[in-house]
Each structure stands twice: as C-alpha cells, then as structure tokens.
Colleague: 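Just passing along the structure, written as structure tokens.
Proteins come first, then strands; the chains are lettered A, B, ... in the order of their sequence lines, and each starts at number 1.
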Amino acid sequence: MKNTMIALALGASLMGTTALAGDVRLMWYSDGVEGEVMKDLVARFNAENPGINVILDEVAYKVVQEQLQIQLEAGSGPDIARVTNIKTLAPHWLDLTPHLTDPEYWRTNFGAHADWMREDGSEAITGFMTQLTLTGGFANATLFEQAGVALPGEGATWDDWVNAADQVAKSQGTAAAFAIDRSGHRISGPAVSYGANYIAADGSPAGVDDGTKAFAEKLVGWVEGGQMLRDTWVAASGSTYRAAADDFINAAIPFYYSGSWQIANLSTKIGDGFDWVATGSPCGTAGCSGLAGGAALVAVKYTQNAEEVAKVMEYFAREDIVKEFSERTLFLPAHAGVVAKGGMNWQTEDKNVGAALDAYVAAAGDTLPAADALPAWKWASPYYGALVNRISQVMAGELTLEDAYARIDQDITEAVAAAQ
Amino acid sequence: MTGVKEVLGAVVAAPLGWLARLLDTPLRLWQRLAGQNGMVAFFLLPNMAIFTVFVLLPLVINIAYSMTTGAALFLPERTYVGAAQFERLLRCTDYTDLMTCQEDQFWIALRNTGTFVVLQVTLLIVAATITALILNRALRALSFWRAVFFFPVLLSPVVVGLIWRWILDRNGVLNAALVGMGMDPVNWLLERNYAFSAAIGVTIWAHLGFFALILLAGLQAIPRDLYEAAEMDGTKPARVFWRITLPLLMPNMLVVIVLALIRAVQVFDEAYVLTGGGPGTATLFLTQYIYEVGFASLLKNPGLAAAASILMGGVLIVLTLLQLALGRKNERKGKLK
C-alpha cells in the first residue's frame with residue numbers, strides 16, 4: 001500500500017512538471033489569417049498521427065518578443081515556436097538533424113536560410129522559414145488617382161515617392177503623406193539603399209556610417225516637414241514596435257512602407273474600400289533595397305519529445321503543406337522546391353493581392369548585399385533597437401542628430417558588452 | 001427559523017470542535033517541549049515561510065542580479081560585475097545636463113517621475129479634498145454621487161489607459177468634438193506638455209475616488225458640535241475649514257499623502273497604455289524604464305533593470321518608513337487624547 005501511494009505521488013508530481021509523452025506544444029502568433037490556416041493543418045496532423053498530440057498555443061506577437069526568451073533562458077518554453085528574433089535566440093534551438101528522416105531534403109529546400117536560425121559556424125538544422133518577407137511600400141492607388149498624381153515608376157527615389165504622396169495628401173486632406181513602421185528592421189533596407197553597412201569587417205557592429213546618417217536625416221526632415229506621420233514614431237519611447245498599417249487601411253496616408261507580410265492583412269481589412277498596389281522599395285543613392293526576413297518555425301532544445309517534434313516539423317516542412325500554407329496565407333514561400341516549380345494558386349478573390357505578391361517577388365532581386373547579410377547577423381537586434389530609440393528622440397526634439405549618432409554607437413557597444 | 005440556524009450552527013461547529021479536541025493533546029505536548037516563545041514561533045512559521053519565498057527571496061535574488069551582467073537567467077551562469085550596473089546608472093559628467101549621463105534615459109525617467117510625483121500628488125490631494133468636502137454635504141442622491149466618483153477605482157488600469165487613449169487620440173472623441181464645433185484638432189498625445197498633463201489627469205481621475213473616500217471617512221469623524229459652535233460664533237466658512245476641518249482631518253490627510261506618493265512613484269500601467277512613454281521620452285517613468293530594459297527590449301539587460309529597481313525601491317522604502325512614522329505619531333496622539 002505504501003509503495004502504491006509513493007508511486008502515485010511520484011506519478012502525479014511528474015505529470016505536473018513534464019510534458020506528457022506524445023504532446024507537442026507549439027507557440028504561434030499571427031500577423032494575418034495564418035492562425036486559422038495553422039489550426040486546420042494541426043487538426044489534420046493530429047488526425048493522421050494518433051500517437052502525437054500537437055497543442056497550438058496562439059499568443060500575441062508581444063508574448064513571443066518579451067516572454068519566450070525568458071522561458072528559454074529558464075530551460076523551459078514550448079516544444080516548437082514561431083519566431084522572428086531567430087538569430088539572437090539560436091543557442092536555444094534544437095538540432096533536428098539526428099531525428100529527421102531525410103536531412104538532405106531540409107538542406108536542399110531550406111538551406112539558403114539555415115544560417116538565419118543557427119549559431120555562427122554551426123551546421124545544425126533547427127527549423128525552417130514559414131514565410132519569407134521583404135520590406136517594401138504600398139500605395140493607395142485610389143487616392144493617387146483622385147488627386148490626379150501619377151504613381152512614381154520604376155527607379156523612383158524616396159524623395160520622388162514622398163513628394164508625390166505629399167501632393168496626394170494635400171489634395172485629399174489626409175493626415176500625412178506617408179508612414180514607416182516604428183522598427184529598426186523597417187528602416188534598414190532604405191538605409192542600405194543610401195549606402196549603409198552595419199557590419200564591420202570582423203562581424204562586429206560598425207559605427208553609424210554616412211548611409212545610415214543620410215536616411216536618418218531624411219526621416220527626421222520628413223517628420224519636421226509634416227510629410228511623415230508623427231504618431232507612429234514620436235508617440236512612444238524606447239524601442240517599442242508600432243505599425244502604421246491601420247493608418248493606411250483607414251486611408252489616412254496615401255503611401256505606407258512596411259512589408260510583404262501585410263498583404264493578407266490589407267486584403268482582409270481594406271476589401272473593396274480602395275485600390276492599393278505594392279510598390280517595392282524606393283531607391284536611394286546606392287540602390288533600391290528592401291530587407292529580407294520572415295518568421296521561422298523552430299524546435300526548442302529543451303523539449304522532452306524530440307522524436308515527436310521532428311515528426312511535426314517534417315509534416316509542416318513538406319512541399320505540399322508549405323505550398324498550401326503559402327497559398328492560403330498569401331505569404332511568400334521559403335521552400336526552394338516550391339519557389340522553383342512556381343504555379344502558386346493564391347487563395348484570394350482580391351485583385352490587388354496577386355499583383356502585390358508579384359511586385360514583392362520582383363523586388364526580392366533588388367536587395368543589396370549589405371541588406372542580405374543582416375538577417376543572419378547576431379547583432380542586428382541591438383542595432384535596430386538603438387536606431388529606433390534615438391532617431392525617435394530626435395524627431396521629438398530631445399536630441400540633435402549628431403548626439404543621436406553618438407548615442408546609437410554607445411547603446412550598441414553597451415548592449416553587445418552586456419550580452420557577452 | 002431559529003431552530004434551523006441552531007441546527008446549522010451545530011453542524012458547522014461539530015467538526016471544528018472535533019478537530020480542536022484532536023489537536024489539543026499534541027499542541028499541549030508541543031507547548032511543554034517548545035515553551036511559550038516556541039509556540040509563538042511555531043504559529044508564525046507559515047506566514048514567515050510565505051513572506052520568505054514570495055518577498056524576501058525575490059528581493060535577495062534581485063540584489064544579486066543587480067551585481068551581474070549577461071542574458072542568462074540563472075545566477076550561477078551570470079557574470080559578477082560588482083557595483084558596475086549602479087555605476088553605469090549613476091555616472092554623469094555634469095549632473096545639471098542629463099545628456100552627459102551614461103544611462104541618460106534612466107535620469108530622464110527619474111526626472112519625469114519626480115515632476116510627476118510633485119504635480120500629480122498635489123493636484124490629487126486638492127481634488128480629493130474638494131470631492132470629499134462636497135460628498136460630505138447633504139446632497140440629493142448622495143450614494144449615487146459617491147459611487148460615480150469611486151467607479152474609476154474599480155476599473156483595470158489598462159482599461160483606464162485605453163478609454164482615455166480613445167478620447168485623446170488624433171482621431172479620438174475629443175478631437176471629433178472640437179472639429180464638430182469648428183475648431184482645429186489638437187495632437188494631445190504628441191505634444192510634450194499635453195501628453196504629460198494627460199498622464200497626470202488620467203491617473204488623478206483613476207485614483208481620486210479611493211483617496212476621497214479615506215478623506216470622507218475622516219470628515220465624518222469630526223464632531224458636529226464643533227461646527228455648531230463655530231456657526232453660533234458667526235465664523236466664516238473659510239476659517240472653519242482652516243481652523244477646524246483641516247487640523248482634524250490631518251491624520252487621514254497624512255495617510256493619503258504618503259499612499260499617493262508611493263502610488264505616484266510606481267506609476268506605470270495607465271501612463272504606459274496612454275502614451276507609451278512618448279512623445280519621445282516625455283512620459284517615460286521609472287517603472288517603464290525598468291520594464292523596457294529588463295523585459296521589452298530586443299536585447300534584454302536584467303542586471304541593469306534590477307539595479308534600477310533597487311534604486312527605486314530605496315525611494316519607496318523611505319516613503320514607507322515615513323508612513324509608518326506618521327502612523328505611530330497619530331497613534332500616540334490618539335492615546336494622549
């Protein structure tokens with residue numbers, strides 16, 4: 001009797017602290033409709049694999065940004081997570097290689113982005129990109145047309161776009177000409193277009209260079225001149241992320257610089273409210289670069305069900321599943337096979353969507369090497385954070401640009417020192 | 001009916017009596033072994049254990065964190081740096097120019113919090129006193145008005161922040177009303193002074209009812225005959241307030257001042273939801289600074305956040321000691337009377 005009681009108590013305590021065999025917890029956030037698609041795919045996986053129970057934990061993006069790292073540092077967290085901060089957290093990802101049926105399939109189809117989600121010098125297979133993204137612009141074609149202003153064409157510069165949007169804003173009485181999301185990631189493609197390079201020769205963060213200064217100066221000037229919507233950048237402090245999508249959706253700005261992940265969001269919320277087009281990235285003095293990125297589905301190394309996790313990952317990485325996921329979510333696929341075969345059947349009746357996706361695919365060829373290096377660079381996050389924090393202080397009139405550059409350099413140096 | 005109550009009482013009391021009898025012998029035995037002081041310690045032990053686990057231990061861990069650096073969560077994996085985090089927070093070339101401080105945003109947050117505390121607490125006390133004086137009069141529907149003033153206290157701080165953001169936003173209710181009246185809209189949350197004033201106003205709105213209620217209790221405890229005597233002497237209302245009401249309200253007023261000071265130093269949720277610390281750093285307060293450094297930034301620095309929280313804790317300890325001292329002083333005065 002005594003032994004039975006001890007066994008029961010032990011069993012109960014184990015149930016309270018560890019995952020049940022076969023349970024796989026998946027932490028997922030959504031930008032658009034992908035949560036719904038994922039629910040459907042998970043249900044199908046569970047039905048096809050009775051021995052494995054995938055539990056989809058849908059959370060806000062802020063939870064992934066703020067809480068996941070703490071869970072991982074504590075050696076806990078989900079078994080699989082969808083994340084964007086993939087390089088910084090790379091030490092926490094599981095090397096799936098020994099658990100995969102065909103590691104070569106992963107290397108062939110997802111190898112191009114494998115470095116984005118593993119530690120420098122590692123050959124581990126830790127996950128795959130659920131979608132590739134590219135920063136770029138959107139224009140409210142209806143407002144441009146109503147204002148009688150032509151959409152700037154190929155090769156148009158940032159100044160061309162801002163001036164054209166400003167004419168539209170004045171003619172149509174919108175709140176401002178344009179907005180850029182409050183994010184260091186978002187302004188880095190344009191900064192590279194003006195010649196910026198954040199990475200020094202030894203891989204450490206370089207000081208703020210002339211390219212970064214050129215675009216920062218433009219941003220501040222546009223806020224002071226009233227062309228850029230003040231709300232997005234000025235009405236917050238620190239490195240807080242703020243999107244301006246709602247202002248574009250509500251036709252408060254005729255031009256919006258964000259990225260390809262907004263396509264489903266815009267399509268769903270704008271509907272037939274007005275016509276919109278994707279514009280790619282306006283040009284600077286060095287090129288017309290956006291910044292690639294995206295979200296990855298990665299396995300967490302603290303899982304107690306590594307075999308089951310690998311099976312789940314293999315399912316979601318299957319060519320037919322990746323294709324279906326991309327077609328239903330309107331995300332650009334990161335699977336080399338899917339991209340090579342083409343023939344995507346985008347699941348939408350919105351006439352703006354197909355053209356927008358095509359525009360982003362075309363713009364992907366315009367990215368510059370300095371931008372292509374950033375997703376796999378481990379100090380990108382502190383660099384982005386420092387840029388947002390200090391440039392918004394200049395916009396608010398608290399710092400001069402020269403002081404801001406010195407502070408950005410200092411912030412990055414201190415962040416790197418604290419992380420090492 | 002009484003019979004039913006008695007039966008119910010007996011049903012409830014029976015197991016308690018049985019439990020008391022069951023514990024009686026072992027407790028007597030334990031008292032004989034441990035003595036009177038031992039029994040005191042024995043009964044205090046559960047509370048002390050909870051206090052240790054949930055208050056003392058986190059405090060010790062926080063102090064230990066403040067002397068380390070790195071992103072690791074567990075202390076043994078973190079690098080010991082002594083007082084370097086405090087040095088980083090406090091180092092300035094010229095203390096009259098915050099931009100010369102190494103951690104300039106900590107100092108900006110400190111300055112903002114100091115300004116906020118002085119203005120918010122002063123205005124809150126004045127508003128709460130006026131509200132309590134009004135609610136102490138024989139008004140029509142007095143209970144309704146008391147509930148109206150107390151209602152915001154029941155709301156979640158995040159809800160308070162959101163409601164006011166909808167009102168004060170560029171496309172908010174207030175601007176819609178201004179435009180409706182033919183006036184120009186105002187960027188309430190994008191101008192430094194407006195945003196700071198909004199943070200003060202909204203937190204006063206949210207907490208006014210709580211403090212007014214404490215003052216109201218004090219007002220109702222003042223003997224009516226003092227006012228009757230003053231009325232018979234023909235004393236002016238202002239003199240009655242300064243010579244009778246305020247002195248007798250002072251014990252409650254001191255409690256309110258200290259509580260309001262503590263809450264103001266801790267300001268975070270309503271202000272964060274309302275302004276996000278902006279425009280720029282105009283409404284960046286200490287708690288938000290700690291939150292951003294420790295949790296919200298892309299590269300978190302829990303060591304620096306812990307050091308900042310200890311400095312903030314020092315301020316709160318001084319205020320708490322002040323409250324305790326005032327409480328004891330009032331108690332002694334009460335005994336002398």
Colleague: What part of A:Gln67 is in contact with chain B, defined as an atom under 4.5 angstrom from a non-hydrogen atom: side chain, backbone, both or neither?
Modeller: neither

Colleague: Within the 4.5 Å heavy-atom criterion, are A:Glu398 and B:Met99 side-chain neighbours or not?
Modeller: no

Colleague: How far apart are the closest heavy atoms of B:Leu284 and A:Ser237, and which atoms are they?
Modeller: CD1-OG, 3.7 Å

Colleague: Looking only at heavy atoms and a cut-off of under 4.5 Å, which of A:Met395, A:Glu414, A:Lys62 has the most pairs with chain B?
Modeller: A:Glu414

Colleague: Which of the residues A:Ala74, A:Ala415, A:Gly238 is involved in the greatest number of heavy-atom pairs with chain B at under 4.5 angstrom?
Modeller: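 The residue among A:Ala74, A:Ala415, A:Gly238 with the greatest pair count is A:Ala74.
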
Colleague: State the CD-CG distance between A:Gln393 and B:Asp104, to the nearest 0.5 angstrom.
Modeller: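 CG of B:Asp104 is found 6.0 Å from CD of A:Gln393.
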
Colleague: Answer yes when B:Lys300 and A:Glu73 have at least one side-chain N-carboxylate O distance shorter than 4.0 Å, and no when they do not.
Modeller: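 Between A:Glu73 and B:Lys300 there is no salt bridge, as every charged N stays at least 4.0 Å from the carboxylate O atoms.
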
Colleague: Looking at B:Tyr95, I want to see if its OH is surrounded by more than 12 non-hydrogen atoms of other residues, nucleotides or ligands under 6.0 Å.
Modeller: yes

Colleague: In terms of heavy-atom pairs under 4.5 Å with chain B, which of A:Ser381, A:Pro382, A:Ser239, A:Ala396 leads?
Modeller: A:Ser381

Colleague: Using heavy atoms and a sub-4.5 Å threshold, report which of residues 268-281 of chain B line up against chain A, by residue number.
Modeller: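 So far as heavy atoms go, B:Tyr272, B:Thr275, B:Gly276, B:Gly277, B:Gly278, B:Pro279, B:Gly280, B:Thr281 are the residues that approach chain A to under 4.5 Å.
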
Colleague: Taking only heavy atoms into account, what residues of residues 285-294 of chain B are found under 4.5 Å from chain A?
Modeller: B:Gln288, B:Tyr291, B:Glu292

Colleague: Between the side chains of A:Asn389 and B:Gln105, does any donor sit under 3.5 Å from an acceptor?
Modeller: yes

Colleague: Checking the side chain of A:Gln410 only, and the main-chain atoms of B:Gln102 only, is there a donor and an acceptor separated by less than 3.5 Å?
Modeller: yes

Colleague: Measuring heavy-atom distances to chain B, does A:Ile70 have an atom under 4.5 Å in its side chain, in its backbone, in both, or in neither?
Modeller: both

Colleague: Examine whether an atom of B:Leu304 lies under 4.5 Å from a heavy atom of chain A, and if so say whether it belongs to the side chain, the backbone or both; otherwise answer neither.
Modeller: neither

Colleague: A quick test of your reading: do over 12 heavy atoms of other residues, nucleotides or ligands sit less than 6.0 Å from CG of B:Asn193?
Modeller: no

Colleague: Which pairs count as disulfide (SG to SG under 2.5 Å) when at least one residue sits in residues 48-113 of chain B, sequence neighbours excluded?
Modeller: B:Cys92-B:Cys101

Colleague: Counting heavy atoms not belonging to B:Phe295, are there more than 12 under 6.0 Å from its CZ?
Modeller: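 No.
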
Colleague: Identify each donor-acceptor pair in which a side-chain atom of residues 224-231 of chain A lies under 3.5 Å from a protein atom, sequence neighbours left out, and give them as a table.
Modeller:
from: A:Arg230; atom 1: NH2; to: B:Leu190; atom 2: O; distance (Å): 3.3
from: A:Asp231; atom 1: OD1; to: B:Arg170; atom 2: NE; distance (Å): 3.4
from: A:Asp231; atom 1: OD2; to: B:Arg170; atom 2: NE; distance (Å): 2.7

Colleague: Rounded to the nearest 0.5 Å, how far apart are CG of A:Asn250 and CG of B:Asn171?
Modeller: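 Those atoms lie 7.5 Å apart.
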
